[in-house]
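Chain letters run A, B, ... following the sequence lines, proteins first and then strands; every chain starts at 1. Computation of the quantities below employed the complete heavy-atom set of this structure, encompassing side-chain atoms and omitting hydrogens, waters and symmetry-equivalent molecules.
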Number of protein chains: 2
Amino acid sequence: MDVKDIKILLVDDEDDVLDFMKYNLDKEGFQVHTAQNGLDAIQVAKKVFPQLIILDLMMPKLDGIETCRELRAIPEFKNTLVAFLTAREEDYSQIAGFDAGADDYITKPIKPCVFISRIKALLRRLETNQTGGKLRVGDIEIDRDRYLILKDGKEIILPRKEFELLSLLASKPGRVFKREEILSKVWGNDTIVGDRTIDVHIRKLREKIGDEYFKTIKGIGYKFDA
Amino acid sequence: MDVKDIKILLVDDEDDVLDFMKYNLDKEGFQVHTAQNGLDAIQVAKKVFPQLIILDLMMPKLDGIETCRELRAIPEFKNTLVAFLTAREEDYSQIAGFDAGADDYITKPIKPCVFISRIKALLRRLETNQTGGKLRVGDIEIDRDRYLILKDGKEIILPRKEFELLSLLASKPGRVFKREEILSKVWGNDTIVGDRTIDVHIRKLREKIGDEYFKTIKGIGYKFDA
DNA sequence: ACCATTCAAAACAGTATGTTAACCTTAACT
DNA sequence: AGTTAAGGTTAACATACTGTTTTGAATGGT
């Protein structure tokens with residue numbers, strides 16, 4: 001994805017912080033939107049659908065954690081990246097919302113170059129996470145909206161896990177996905193399933209889609225290739 | 001990177017603080033090492049090559065800031081994460097060493113869950129920095145995402161250990177990696193393998209990639225050069 | 001309530017990969 | 001040049017990892 005296609009929503013009640021961030025992100029070519037409190041932030045977010053939202057923790061009307069919760073409750077923002085902005089001095093025990101939805105936190109003050117690289121590092125996660133839409137790899141088309149596969153014009157209907165596994169692998173053709181990465185993205189972080197489960201699903205995919213597309217990298221994981 | 005491959009070095013002169021941190025990090029599955037002062041810390045660090053070092057500010061022999069400076073002066077630890085541990089009451093203006101190398105600081109007392117999430121947030125920086133991406137050295141390209149080597153446009157597929165060994169050596173072309181460093185980074189600290197194991201893997205790499213790239217430094221280790 | 005489908009676990013087999021041991025070669029130092 | 005210590009080579013061996021099948025438990029629809 002190109003930098004100029006990425007929308008970032010900055011939310012902070014202090015003008016100078018907002019200016020600092022906006023200036024640096026503008027310079028990199030991002031589309032930058034701003035809001036001064038949580039309520040406004042949600043309004044703006046619903047309009048522009050940013051890929052990343054940077055939320056100050058301490059804000060009037062709706063603080064960062066609450067804003068994050070509300071956003072996460074909206075399906076459209078399930079995969080939106082959210083980063084918290086905190087002052088170094090703030091009491092970290094307050095950051096209970098960490099595990100509950102934030103993707104990163106950034107402490108201020110922060111140097112411009114560090115700030116930018118943190119943002120870029122965060123955005124890198126997007127690339128593998130995209131959901132929805134269609135995806136073509138070779139002669140295979142994955143329709144995420146309709147939950148079906150098209151191969152040689154024929155529809156193939158896959159069970160959910162198989163579909164999601166294929167979807168993940170095909171989202172970056174050629175790239176190897178480690179077993180743990182597959183587990184965390186298809187099964188979720190908390191679920192504990194046996195090692196063989198992935199193999200079984202891969203086997204079913206090979207059966208239904210074709211053996212040649214799925215390559216095993218021993219000791220690492222699998223990759224999809226056309 | 002898997003949790004169990006992450007090494008954390010805890011440095012504090014107070015036993016109870018050390019115990020608290022070790023207990024919680026152990027529980028998460030990290031490999032935890034400890035030291036009671038700065039001098040010991042540097043010794044341990046040189047042996048185990050941790051990804052993260054947590055340094056108490058106030059310590060006998062060598063305080064946190066000084067220890068951090070010394071570590072940063074050693075090339076091997078340029079990319080190691082360093083977090084400071086401070087009492088809430090301490091005057092933050094004293095933390096001059098902040099810009100000079102620390103990646104974060106943590107105030108004590110701190111709740112276990114907050115402590116853990118801080119650590120995890122810190123470690124997340126590692127992933128985007130060192131895994132993934134491509135690496136070019138001369139006419140050889142190492143594609144970490146696809147787990148393959150490109151040489152003269154040809155794909156070379158390497159087994160895991162060979163790939164990781166090459167990956168390590170090529171990450172700093174020309175630099176010599178000591179045998180113990182190779183062992184700790186490719187094999188891990190806990191695994192005990194014989195002396196000849198490295199040689200065998202180097203041999204296989206020379207076979208597959210080319211003899212000329214791998215230079216032996218007797219009594220020290222190996223380096224990769226184009 | 002029943003059946004079909006999907007998912008996960010367990011058991012086992014096959015094989016690539018990793019390790020070792022023994023022996024050979026090379027390089028450094030006297 | 002001889003000696004010694006370190007690395008190189010090879011093949012046998014061990015093991016870790018994946019592939020496959022079977023079985024049983026959930027799940028969801030009729």
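- OP1 or OP2 of C:dT20 lies within a sub-4.0 Å distance of a side-chain N or O belonging to B:T197.
- Taking each heavy atom of B:F163 and B:L148 in turn, the nearest pair found is CE1-N, 3.6 Å.
- Dashed line: the shortest gap from a side-chain N or O of A:H201 to OP1 or OP2 of C:dA8 is under 4.0 Å.
- Distance, B:K204 NZ to D:dG8 P: 15 Å, rounded to whole Å.
- For A:R206 and A:T216, the side-chain atoms include at least one donor-acceptor pair closer than 3.5 Å.
- Taking only side-chain nitrogens and oxygens, A:W187 never comes nearer than 4.0 Å to OP1 or OP2 of C:dC7.
- Atom CG in A:L205 sits about 13 Å away from atom P in C:dT6, given to the nearest Å.
- Remark: the B:D15 side chain and the B:Q36 side chain contain an N/O donor-acceptor pair separated by less than 3.5 Å.
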**OP:** Would you give a per-nucleotide map of nucleotides 17-24 of chain D, 5' to 3', where B means the base has a protein non-hydrogen atom under 4.0 Å away, S means only the sugar-phosphate does, and - means neither?
**Re:** BBBBB---

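- Of the possible donor and acceptor atoms, none in the side chain of A:R179 sits under 3.5 Å from a partner among the backbone N and O of A:I198.
- A donor-acceptor pair under 3.5 Å is absent between the side-chain atoms of A:D152 and the main chain of A:K154, judged by distance alone.
- Here A:K208 pairs with A:E162 in a salt bridge; the nearest charged N to carboxylate O distance falls below 4.0 Å.
- D:dG8 atom C1' lies 18 Å from atom NZ of B:K215, rounded to whole Å.
- Note on B:E181 versus B:K46: no salt bridge recorded, every NZ/NE/NH1/NH2 to OD/OE distance being 4.0 Å or above.
- Atom CD1 in B:I198 sits about 11 Å away from atom P in C:dT20, given to the nearest Å.
- Between B:E162 atom CD and C:dT19 atom P there is a gap of 11 Å when expressed in whole angstrom units.
- Within a 6.0 Å radius of OH in A:Y147, other residues, nucleotides and ligands contribute more than 12 heavy atoms.
- Side chain of B:R72 to backbone of B:T80: a donor-acceptor contact under 3.5 angstrom is found.
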Report all interatomic pairs (protein N or O, nucleotide N or O of nucleotides 26-30 of chain D) with separations under 3.5 Å.
none

